[in-house]
Amino acid sequence: MLRIVMLLALVASLAACGRSEPPRKATTRPATAKVDGPSPRETAMCQRDLRELGVDFEPLPDRQFGPGCAILGTVKLLDVGVPTTNLGAVRCGQARTYARWARNAVAPAAYQILGSELAKVESMGSYACRNVAGTGRRSGHAIANAIDVGAFQLKDGRRISVLHDWNSSHPEVRRFLAVVSASACRRFGTVLGPNYNAAHRNHLHLEDDKANFCR
């Protein structure tokens with residue numbers, strides 16, 4: 001009996017020679033979380049508004065990145081009447097609000113409070129596929145719906161920066177930054193600056209999200 005059992009085991013072993021193991025199931029990556037953007041009609045209406053404002057821009061193609069990152073209904077701002085550096089893709093509604101703020105709030109405040117025309121606004125960028133600092137939640141930058149502004153250059157050569165001048169010893173400089181920040185709060189949904197947290201000590205975060213959150 002023992003011989004029969006050993007013989008059967010040997011036959012099974014020989015039969016298995018050369019047989020490959022079943023292929024492992026391929027590991028799949030999680031599906032990309034698609035971003036919902038403005039409708040084509042909303043984008044077309046917004047672009048019409050930009051033209052009526054005299055803003056020069058270039059429409060950009062929609063692109064989904066991932067996950068939670070996309071440029072949908074965006075434009076490249078070429079000329080809003082106030083030179084702005086470092087801007088990439090910007091959602092059209094955000095671009096429209098920014099153009100009005102730069103032209104109708106920042107430029108007049110520079111002249112009225114600081115006595116000089118505004119030469120340019122220095123941004124720290126618009127689109128970036130990243131999270132809100134310290135969280136797992138996507139930033140408004142991940143959908144090109146936010147612009148960070150770090151400084152303002154005046155035609156008389158002065159440079160007013162959020163980092164160095166927010167608590168300036170010059171009252172007119174502090175007033176200028178307070179006025180442009182307050183005017184941003186009336187236009188954008190979310191405005192964050194040095195009074196919010198250390199991550200915003202060097203810029204104003206401007207986001208057109210209708211959140212009514214200003215810090």
Side-chain angles (χ1 to χ4, degrees), residues 55 57 71 74-91 93-135 138-209 211 213-215:
V55 173
F57 66 93
I71 52 173
T74 63
V75 299
K76 169 73 174 176
L77 287 173
L78 303 176
D79 185 4
V80 302
V82 175
T84 304
T85 62
N86 303 319
L87 284 182
V90 181
R91 188 168 283 191
Q94 169 79 4
R96 178 178 54 199
T97 304
Y98 174 79
R100 288 171 172 163
W101 176 72
R103 288 163 51 166
N104 302 328
V106 181
Y111 187 76
Q112 294 167 10
I113 299 172
L114 300 175
S116 175
E117 292 183 2
L118 182 66
K120 67 179 178 182
V121 178
E122 297 179 16
S123 93
M124 298 168 65
S126 48
Y127 173 76
C129 185
R130 63 177 176 81
N131 292 343
V132 174
T135 76
R138 285 301 194 200
S139 164
H141 290 285
I143 56 172
N145 202 39
I147 295 173
D148 288 343
V149 170
F152 307 88
Q153 182 77 43
L154 305 180
K155 287 190 177 180
D156 66 7
R158 283 179 291 171
R159 180 177 181 272
I160 311 300
S161 77
V162 175
L163 178 62
H164 297 296
D165 297 306
W166 189 259
N167 295 309
S168 172
S169 59
H170 300 285
E172 70 277 7
V173 172
R174 293 198 309 272
R175 183 183 168 212
F176 167 74
L177 289 175
V179 166
V180 298
S181 176
S183 65
C185 290
R186 292 192 292 271
R187 290 171 168 81
F188 296 92
T190 294
V191 177
L192 306 175
N195 292 340
Y196 181 57
N197 62 17
H200 295 84
R201 67 188 180 281
N202 64 345
H203 68 276
L204 297 176
H205 172 93
L206 313 174
E207 186 172 349
D208 187 37
D209 61 355
F213 188 81
C214 178
R215 296 293 186 274

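Just so it is clear, the values below take in all heavy atoms, side chains as well, and ignore hydrogens, waters and symmetry mates.
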**Request:** Not counting sequence neighbours, list each pair that qualifies as a ring pair (Phe, Tyr, Trp, His ring centres under 6.0 Å) and has a residue in residues 154-180.
**Result:** F152-F176

**Message:** Enumerate the side chain to side chain donor-acceptor pair (under 3.5 Å) contacts for residues 140-151, please, sequence neighbours excluded, ordered by first and then second residue.
**Reply:** R130-H141, H141-D148, H141-H205, D148-H205

**Request:** Give the minimum heavy-atom separation between P194 and V162, together with the two atoms involved.
**Result:** CG-CG1, 3.5 Å

**Complete:** The reported gap from CG in N197 to CZ in R215 (rounded to nearest 0.5 angstrom) is 11.5 Å

**Request:** Mind jotting down which residue pairs meet the side chain to side chain donor-acceptor pair (under 3.5 Å) criterion with at least one end in residues 104-125? Sequence neighbours excluded, please.
**Result:** E117-K155, E122-R159

**Message:** Between T85 and P83 (side chain of the first, backbone of the second, donor and acceptor by atom type, cut-off under 3.5 Å), is there such a pair?
**Reply:** no

**I71 CD1 to C129 SG distance, which is reported to the nearest 0.5 Å** = 11.0 Å

**Asked** Is there a side-chain contact between I160 and L114, using heavy atoms and a 4.5 Å cut-off?
**Response** yes

**Request:** Kindly write out the residues that satisfy side chain to side chain donor-acceptor pair (under 3.5 Å) with S161, not counting sequence neighbours, or none if the list is empty.
**Result:** none

**Prompt:** Do the non-hydrogen side-chain atoms of D208 and R91 ever get within less than 4.5 Å of each other?
**Reply:** no

**Complete:** To the nearest 0.5 Å, atom OG of S126 lies from atom NZ of K76 at 7.5 Å

**Fill in**
Sequence neighbours excluded, the answer for salt bridge (charged side-chain N to carboxylate O under 4.0 Å, His left out) partners of R96 is D49

**Prompt:** Does some side-chain heavy atom of R100 sit less than 4.5 Å from a side-chain heavy atom of T97?
**Reply:** no

**Those residues that, when tested against V55, pass side chain to side chain contact (heavy atoms under 4.5 Å, CB included) (two or more places apart)** = L50, L53, L77, V80, A99, R103

**Request:** Can you see which heavy atom on R174 is nearest to which on S168, and at what distance?
**Result:** NH1-O, 2.5 Å

**Prompt:** Any donor-acceptor pair under 3.5 Å linking the side chain of R175 with the backbone of E172?
**Reply:** no

**Message:** Is the shortest side-chain heavy-atom distance between W101 and V180 below 4.5 Å?
**Reply:** yes

**Prompt:** Quick one: does L206's side chain get under 4.5 Å of V191's, heavy atoms only?
**Reply:** yes

**CG-OG distance between N195 and S181, expressed to the nearest 0.5 angstrom** = 7.5 Å

**Asked** Going through the checks in order, is the side-chain contact (heavy atoms from CB on, under 4.5 Å) test met by V82 and V106?
**Response** CA-CA 9 Å; V82 175; V106 181; over 6 Å; no

**Message:** Nearest 0.5 Å, please: how far is CG in N86 from CD1 in I147?
**Reply:** 11.5 Å

**Asked** Between atom OH of Y127 and atom CD1 of I143, what is the distance when rounded to the nearest 0.5 Å?
**Response** 10.0 Å

**Request:** Would you check if S139 and N131 make a side-chain contact, meaning some heavy-atom pair closer than 4.5 Å?
**Result:** no

